[in-house]
Protein chains: 2
Amino acid sequence: MTIAEASQKYGLTPDTLRYYERIGLIPPVRRTASGIRDYDEEACRWIELMKCMRSAGVQIEALTEYVKLFQQPGPTAEARRQILVDQRILIEKRIWEMQEALNRLNYKIERYDTVLIPAEKGRKG
Amino acid sequence: MTIAEASQKYGLTPDTLRYYERIGLIPPVRRTASGIRDYDEEACRWIELMKCMRSAGVQIEALTEYVKLFQQPGPTAEARRQILVDQRILIEKRIWEMQEALNRLNYKIERYDTVLIPAEKGRKG
DNA sequence: TCTTGACCTGGAGTGCACTCCAGATGTTAC
DNA sequence: GTAACATCTGGAGTGCACTCCAGGTCAAGA
């Protein structure tokens, strides 16, 4: 799969895919003899994972650390698990913050519908 | 209330509070005769609202637009409501994305606990 | 073979949201 | 009154995550 195809498949630009590889957010992608990237199934799984994590706001640094551990020899499973656990805590916190904001928006919108907008309309009629 | 006190109360630095006022994220704060900010209850409500929205990732541009409408003469309730509704959609989307990532993390952590870490430990014992 | 378009690299540029700073002015405790 | 500290302004600097670009290589159709 070429970079254009992978780009299409995941809705990330080729520049972003190259950037992700350059900084180690995904492991090095296999190349053709002439140096052109060829995304295989494993590369695609990495892209998809990182797209998911990034869209949830997980910092690039945590993710590159995770990938780095994967590429290291020796036992790193516990360290990798710890990264996931740390990020889970952060995501739970952010979900909670967004839920707070959502409740507040719902409350405000309700007030616009029942009080503020009727009041404004009433001023003229 | 001085800027130091407001800063303390909401966990935002004085620089951030001044920045928020400068860009119109909160309306101009009342000043003492000598020009020093004096945060009253209404100013505090704005700070708290904006802290909540910003922590949920709402863009500054949307929030300044909302404040701008508030300061305009004439009926703006419907326009303000529309901003809130637009932001609600974005927040719901992000909550959903984060929930996806959370599910994925939970699944992965479970796999580390039941498979990957035991396997690594087993290699030596 | 030639041309056209996709791909490559390294590095510079961008946008957002702060964050810091210099130099000036105000305030408070002694 | 004065030392020490808080606050003010406008503007520059920072960090993150891309995004764009120049200048070159590669590949596929006419």
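Below, all heavy atoms of this structure are taken into account, side chains as well, without hydrogens, waters or symmetry copies. Each chain gets a letter, A, B and so on, in the order the sequences are listed, and its residues count up from 1.
- Residues from residues 87-105 of chain B with heavy atoms under 4.0 angstrom of DNA chain D: there are none.
- For A/Thr32, the side chain to side chain donor-acceptor pair (under 3.5 Å) partners two or more places apart in sequence, or in a different chain, are A/Ser34.
- If you take CE of B/Met1 and C1' of D/dT7, they are 17 Å apart, rounded to a whole angstrom.
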Run the side-chain contact (heavy atoms from CB on, under 4.5 Å) check on A/Leu102 and A/Gln99 step by step: do they pass?
-> CA-CA 5 Å; A/Leu102 183 55; A/Gln99 198 61 57; 3.6 Å; yes

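- The stretch residues 79-109 of chain B participates, sequence neighbours left out, in no ring-ring contact (aromatic ring centres under 6.0 Å, His included) pair at all.
- Distance B/Glu5 CD to D/dA6 P: 12 Å, rounded to the nearest Å.
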Could you go through residues 56-70 of chain B and list every donor-acceptor pair under 3.5 Å that involves a side-chain atom there, pairing it with any protein atom two or more places apart or in another chain?
| residue | atom | partner | partner atom | Å |
| --- | --- | --- | --- | --- |
| B/Thr64 | OG1 | B/Ile60 | O | 3.2 |
| B/Thr64 | OG1 | B/Glu61 | O | 2.9 |
| B/Tyr66 | OH | A/Tyr112 | OH | 2.9 |

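- Put simply, CG on A/Asp38 is 17 Å from P on D/dC26, counting in whole angstrom units.
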Where protein sits on nucleotides 13-27 of chain C, one letter per nucleotide: B base, S sugar-phosphate only, - none, heavy atoms under 4.0 Å | ----BBBBB----SS

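- In this structure, the side chain to side chain donor-acceptor pair (under 3.5 Å) partners of B/Thr13, at least two apart in sequence or on a different chain, are B/Thr16.
- A/Ile23 comes within 4.0 angstrom of nothing in the nucleic acid, heavy atoms only.
- Rounded to an integer number of Å, the gap from B/Leu17 CG to D/dC8 C1' is 14 Å.
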Exercise answer: donor-acceptor pairs, residues 21-30 of chain A side-chain atoms, under 3.5 Å, sequence neighbours excluded:
| residue | atom | partner | partner atom | Å |
| --- | --- | --- | --- | --- |
| A/Glu21 | OE1 | A/Arg37 | NE | 2.6 |
| A/Glu21 | OE2 | A/Val29 | N | 3.0 |
| A/Arg30 | NH1 | A/Asp38 | OD2 | 3.3 |

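- When the P atom of D/dT7 is taken as reference, atom CZ of B/Arg31 falls 12 Å away, rounded to whole Å.
- Sequence neighbours left out, not one pair with a member in residues 10-40 of chain B passes ring-ring contact (aromatic ring centres under 6.0 Å, His included).
- Residues in residues 45-58 of chain B take part in these salt bridge (charged side-chain N to carboxylate O under 4.0 Å, His left out) pairs, two or more places apart or across chains: A/Arg104-B/Glu48, B/Glu41-B/Arg45.
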